[in-house]
Amino acid sequence: FLRQLDLDKLKKYAVCGCTIHFCGKLPFREIRQLDYRIFISERMKAWYRKKIPYDLKNAIFYNGTNILPATWKFAAQKRAIYISRIGKAYRPKIEQFIKFCHQNNLDFHIAGDGRNQDIVQEIRKTLSKKYGFPENRFIGAINVLEYLAENSSEYLFAAGVGQVVLECS
């Protein structure tokens, strides 16, 4: 798939990257052109290091360089954060996150906003009533990088969809 893309053209409009799930035959020339790479395991990161000699701290790269040094430390946190747009299409994932937190006795925040404020309000009200938590668990829109730089020590983990995963890393 990567070989079929005009990466130079695409990179004029977007930050491009990939998640590497396996060790094996990969299009290394194209992967080297990407802005970032995510590895799902230390074993895979070590295998890949032999192929592309970058410093692989945290296995998150932007143009071959780590974005920020890791600052999070485990301190028995009991709160998680989910960062997403709020809308009908995102509701099932938000509910999965809430259920996971309830099953694991975790407090949580949900950060994000949506285009249609009526739908955002409806989701806030119905989910808080259905799962018995205060509406202020929805903390609204945030600048992910700034917010987590200031508040990451408060959370056991951050979850989300798409680019949020990279920003949280």
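When reading the values below, keep in mind they use all heavy atoms of this one structure, side chains included, and skip hydrogens, waters and symmetry mates.
A distance of 10.5 Å separates OG1 of T126 from CD of Q121, quoted to the nearest 0.5 Å. Separating the CG atom in L106 from the OH atom in Y155 is a distance of 12.5 Å, to the nearest 0.5 Å. With rounding to the nearest 0.5 angstrom, the CG atom of D107 is 10.5 Å from the CZ atom of F133. Between the CD atom in E95 and the NZ atom in K130 there is a gap of 4.0 Å [rounded to 0.5 Å]. Atom OG of S84 and atom CZ of R91 lie 13.5 Å apart (nearest 0.5 Å). Atom CD in E135 sits 12.0 Å away from atom CD1 in I123 (nearest 0.5 Å).
Counting heavy atoms from C-beta on, the side chains of I142 and L148 never come closer than 4.5 Å. Side-chain atoms of K99 and Y131, non-hydrogen and from C-beta on, do get closer than 4.5 Å to each other.
Counting non-hydrogen atoms of neighbouring residues, nucleotides and ligands closer than 6.0 angstrom, the CZ atom of R124 exceeds 12 such neighbours.
Of all heavy-atom pairs between S128 and P134, the closest is CB-C, 4.3 Å. The minimum heavy-atom distance between R137 and F108, with the atom names listed, is CD-O, 2.8 Å.
F97 and Y82 have tilted rings, their planes meeting at an angle from 30° to 60° on a 0 to 90° scale.
Q77 contributes a side-chain N or O that, together with a main-chain N or O of S153, makes up a donor-acceptor pair within less than 3.5 Å.
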**Report entry** Residues Y147, I83; criterion side chain to side chain contact (heavy atoms under 4.5 Å, CB included); working and verdict
**Finding:** CA-CA 11 Å; Y147 183 84; I83 305 166; 5.9 Å; no

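Only one option out of I139, L156, N151 pairs with I81 in a side-chain contact (heavy atoms from CB on, under 4.5 Å); it is I139.
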